[in-house]
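Just so we're on the same page: letters track the sequence lines, and every chain starts at 1. Treat the numbers as computed from the prediction; the structure is a model and nothing was measured. Side chains are part of it too, since the values below use all heavy atoms of this structure and drop only hydrogens, waters and symmetry mates.
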Amino acid sequence: MIDLLSRLVRDAIVAATEAGELTLVEIPEPHLERPRDPSHGDWATNVAMQLAKPARMAPRQIAEIIAERMSGHADIAAVEIAGPGFINIRLSAAALQRVLRDVREQGADYGRVDIGKGRRVQIEFVSANPVGPMHVGHGRWAALGDSMARVLEHAGFETQREFYVNDAGVQMNTFAKSVAARYMEINGVEVEFAQDWYQGAYIREIAQEIMDAEGPKWVEADPEARESYFKEQAYAQVLDHLKRVLHGMGVDFDVWYSERELHEPGADGLSPIESSIATLREAGYIFEQDGATWFRTTDFDDDKDRVLKKADGSYTYFAADIAYHKNKFDRGFDRVIDIWGADHHGYVKRMEAAVAALGHPGKLDLVIGQLVNLFRDGEAVRMSKRTGEMVTFEDLLDEVGEDAARYFFLRRSTDQPLDFDIGLAKEQSAENPVFYVQYAHARICSILRKAAGIDTADESVEIASMATALIPDDAPLHLLETEAELSLMRKLAEFGEVVEVAADQLLMHKLTRYAEDLAATFHQFYTQCRVYDPENLDLTSARLYAVDATRQVLANVLGLVGVSAPERM
RNA sequence: GCGCCGUUAGCUCAGCUGGAUAGAGUAUCUGACUACGAAUCAGAAGGUCGCAGGUUCGAAUCCUGCACGGCGCACCA
């Protein structure tokens with residue numbers, strides 16, 4: 001719709017210029033926006049104000065000329081000039097009614113846009129270290145990244161979800177030592193447990209599982225052999241936990257990328273890390289100093305240069321991450337998105353430097369999400385990974401459920417810290433927005449069942465096909481003309497723009513906001529318009545048509561959020 | 001000390017690349033179910049957009065400075 005209007009405005013300007021009514025060298029791309037105030041119409045443009053200077057005419061006079069040439073189109077009910085020179089456009093009822101036909105025709109595909117044009121984008125998110133259970137912040141990234149993938153797919157991108165597993169660092173050794181020590185304790189052997197090892201109770205649980213499976217035979221084993229065996233066992237358990245929890249909330253990764261691959265020599269004898277450093281060296285960004293190998297990130301606006309290879313010969317985490325990102329681009333992605341917690345934001349500059357130095361400037365989007373603070377009954381829940389005092393994400397899911405968790409995580413803009421109130425998320429009341437939206441969907445299904453004479457308890461009926469059979473294709477939609485009906489259709493028409501903005505700017509909270517808007521608009525419509533009326537079957541079928549379209553769009557937006565659209569609650 | 005993010009109604013937050021009288025939800029008060037789901041709807045009240053300058057036809061939005069809060073600032077990951 002916006003494209004159509006934009007073209008109409010532009011055509012009007014071109015025509016007026018050709019007719020000599022306007023004197024312009026260049027025709028601008030008109031900017032259309034939705035006025036805040038509904039009395040200003042469905043769309044507005046300030047193009048007349050922008051043209052005032054180049055055309056050397058008063059904005060209102062230009063607006064008159066454009067408006068004159070726009071009116072008369074079947075999709076436009078009115079074109080008005082307002083204020084200093086705004087052109088307010090009101091869509092005709094016919095244009096809005098056509099939206100309903102689009103929804104019915106396109107179904108689950110309604111709202112698709114094509115800003116991606118088939119480009120391949122990879123989204124890397126969560127990427128929790130495999131040394132402990134997922135925490136609540138990881139849950140937020142999981143919800144965010146997965147919805148982002150869904151939205152980008154809806155916007156014409158080919159997407160891939162990837163989890164980077166940091167399974168190669170010293171932390172893995174610390175992790176192994178911690179588990180081994182607990183194992184020894186279980187077997188009554190006194191061991192020293194270092195301050196900086198993992199303190200969490202889950203370490204003991206992992207040790208216990210190994211104990212249960214294999215008995216005490218590792219007590220007498222060579223400490224190194226024990227550690228390396230325990231490392232792999234514990235790692236496997238944690239990875240399994242991560243996959244299980246993520247799958248439980250509907251998040252499935254296409255690729256689990258192991259950092260270890262980056263340290264393995266390839267066909268040319270060089271590991272990916274070594275060869276990516278070689279690439280940077282050829283490009284002239286590498287130097288040696290104090291026995292270490294450095295990457296001159298200050299060439300790219302970083303505060304200081306960064307070490308890639310330490311004096312002791314080992315590589316930094318950053319070196320591995322450079323190799324990893326080189327690998328991503330080598331795999332042919334046109335665009336790469338990383339979602340990081342705010343505690344890693346200090347890392348942004350150097351990563352951007354690396355991607356630019358590798359020859360892919362501008363292809364990396366770093367989304368920095370603020371952290372999650374858990375509250376229970378107004379009290380902050382204190383957590384520390386080090387001391388092991390924590391509510392895991394799995395605990396939270398068990399308590400509030402996947403729908404509430406995912407919905408709450410997406411409700412705030414990502415650069416806003418999230419205060420997550422466990423009590424509120426659990427509450428099944430109007431205070432809880434996820435129920436508000438789901439209720440609208442369930443209510444619609446109930447109306448449809450009612451109109452079709454189907455008992456609410458009958459779960460054998462598939463709503464969508466039932467509705468298609470119930471509501472005729474040629475329902476007299478021209479009967480839909482009250483304000484409540486028009487508002488509903490306007491809101492449905494907005495969905496594509498929401499997808500476009502969410503995809504373009506990676507703003508997932510637009511989805512939940514729209515979902516709540518649409519639900520509210522529907523509830524208002526419902527209050528004012530009786531849908532099922534045996535005395536007026538024409539109007540009934542037209543309204544059922546609108547109601548079913550609303551059901552479809554609610555299902556679509558909830559699908560992007562990753563939350564279920566229940567048919568009864 | 002430096003950097004990033006934030007500061008908007010009592011509370012939690014929107015405000016789309018500068019636009020018209022700054023919006024929702026919630027809390028408070030008042031109304032609406034003997035017809036489709038009241039987990040709903042309608043109305044009232046609630047603001048110095050942290051502070052001070054600047055840019056221009058026009059600023060919550062852009063620039064500068066300051067204040068407050070969160071998070072970072074390793075040859076850790």
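- Using a 90° window around 0 for the glycosidic torsion, B/C73 falls outside it and is classed as anti.
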**Stepwise salt bridge (charged side-chain N to carboxylate O under 4.0 Å, His left out) test for A/Glu232 and A/Arg260** = CA-CA 13 Å; A/Glu232 298 313 310; A/Arg260 291 176 181 176; 3.1 Å; yes
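- No side-chain donor from either of A/Asp299 and A/Tyr285 sits under 3.5 Å from a side-chain acceptor of the other.
- When rounded to the nearest whole Å, the span between CH2 of A/Trp141 and C1' of B/C71 equals 11 Å.
- Residue side chain A/Asp303 does not reach the base of B/G3 through any donor-acceptor N/O pair under 3.5 Å, judged by distance alone.
- A/Ala451 comes within contact range of no nucleotide atom at all, as no heavy-atom separation falls under 4.0 Å.
- Taking atom P on both B/G50 and B/A39, the two are 38 Å apart, rounded to the nearest angstrom.
- Between A/Ser413 and B/C13, a side-chain N or O to OP1/OP2 separation shorter than 4.0 Å is absent.
- As rounded to the nearest Å, B/G6 and B/C63 have P atoms that lie 12 Å from one another.
- For the pair A/Phe408 and A/Pro433, the minimum side-chain heavy-atom distance is below 4.5 Å.
- Between A/His509 and B/A14, no base-stacking contact is recorded for ring centres under 5.5 Å apart and planes less than 30° from parallel.
- For A/Lys510 and B/G15, the shortest distance from a side-chain N or O to OP1 or OP2 is below 4.0 Å.
- With a cut-off of 3.5 Å on both pairing distances, the Watson-Crick or G-U wobble partner of B/G53 is B/C63.
- Inspection of the A/Tyr407 and A/Glu516 side chains reveals an N or O donor paired with an N or O acceptor under 3.5 Å.
- Note: A/Phe409 and A/Phe420 have tilted aromatic rings, judged against thresholds of 30 and 60 degrees for the angle between ring planes.
- B/U40 sits 29 Å from B/U21 when the C1' atoms are compared, rounded to a whole Å.
- Here A/His523 does not pack flat against the base of B/A38, since the 5.5 angstrom centre distance and 30 degree tilt limits are not both met.
- Distances from the side chain of A/Leu371 to the nucleotides B/C71, B/C16, B/A14 place B/C71 closest.
- Residue A/Ala342 is in sugar-phosphate contact alone, with no base atom involved, counting any heavy-atom pair closer than 4.0 Å across all strands shown.
- Pair assignment for B/G25 gives B/C11, based on Watson-Crick or G-U wobble hydrogen-bonding distances that are each under 3.5 Å.
- For the pair A/Tyr317 and A/Ala520, both in contact range of RNA chain B, the more 5′-proximal nearest nucleotide belongs to A/Ala520.
- Residue A/Phe86 and nucleotide B/A20 are classified as a stacked aromatic pair, their ring centres being separated by less than 5.5 Å at an interplanar angle below 30°.
- When both pairing distances are held under 3.5 Å, B/U34 makes no Watson-Crick or G-U pair with any nucleotide shown.
- Of the candidate nucleotides B/G3, B/G37, B/C5, B/C5 has the atom nearest to the side chain of A/Gln370.
- Among B/U40, B/A77, B/G19, the nucleotide with an atom closest to any side-chain atom of A/Gln171 is B/A77.
- A/Gln524 has a side-chain polar atom (N or O) that falls below the 4.0 Å cut-off from OP1 or OP2 of B/A42.
- Across all strands shown, B/G46 forms no Watson-Crick or G-U wobble pair with both key distances under 3.5 Å.
- Between A/Tyr526 atom OH and B/C36 atom P there is a gap of 6 Å when expressed in whole angstrom units.
- One finds a side-chain N or O of A/Gln416 lying less than 4.0 angstrom from the OP1 or OP2 phosphate oxygen of B/A14.
- At the phosphate of B/G37, OP1 or OP2 sits under 4.0 Å from a side-chain N or O atom of A/Ser446.
- Between A/Lys310 and B/A74 there is no side-chain polar atom (N or O) within less than 4.0 angstrom of OP1 or OP2.
- Across B/G3 and B/C13, the matching P atoms stand 27 Å from one another, rounded to whole Å.
- Of the candidates B/G72, B/G19, B/A35, B/A35 carries the atom nearest the A/Arg530 side chain, counting heavy atoms from C-beta on.
- Taking atom P on both nucleotides, B/U61 is separated from B/U56 by 16 Å, rounded to a whole Å.
- As the counterpart of B/C16, no nucleotide is assigned, since no Watson-Crick or G-U wobble pattern has both distances under 3.5 Å.
- You'll find the ring centres of A/Tyr436 and A/His523 inside the 6.0 Å limit.
- The side chain of A/Trp294 approaches B/C75 more closely than any other nucleotide in the set B/C75, B/G37, B/A24.
- The same atom, C1', is picked in B/G53 and in B/G47; the two are 22 Å apart, to the nearest Å.
- Relative ring orientation between A/Tyr514 and A/Phe495 is described as parallel, the plane-to-plane angle staying below 30° on a 0-90° scale split at 30° and 60°.
- Here B/C5 presents its C1' atom at 16 Å from CH2 of A/Trp340, a figure rounded to the nearest Å.
- Interface remark: the A/Asn88 side chain does form a donor-acceptor pair with the B/A20 base, using a distance-only criterion of under 3.5 Å.
- Look at the P atom in both B/U26 and B/G70: the space between them is 30 Å, to the nearest Å.
- In this structure, a donor-acceptor pair under 3.5 Å is absent between the side chains of A/Ser258 and A/Glu261.
- Base pairing annotation: B/G3 forms a Watson-Crick or G-U wobble pair with B/C71, both donor-acceptor distances under 3.5 Å.
- The distance from atom CG of A/Leu448 to atom C1' of B/G37 is 13 Å, rounded to the nearest whole Å.
- Nucleotides B/A44 and B/C5 are separated by 39 Å at their P atoms, to the nearest Å.
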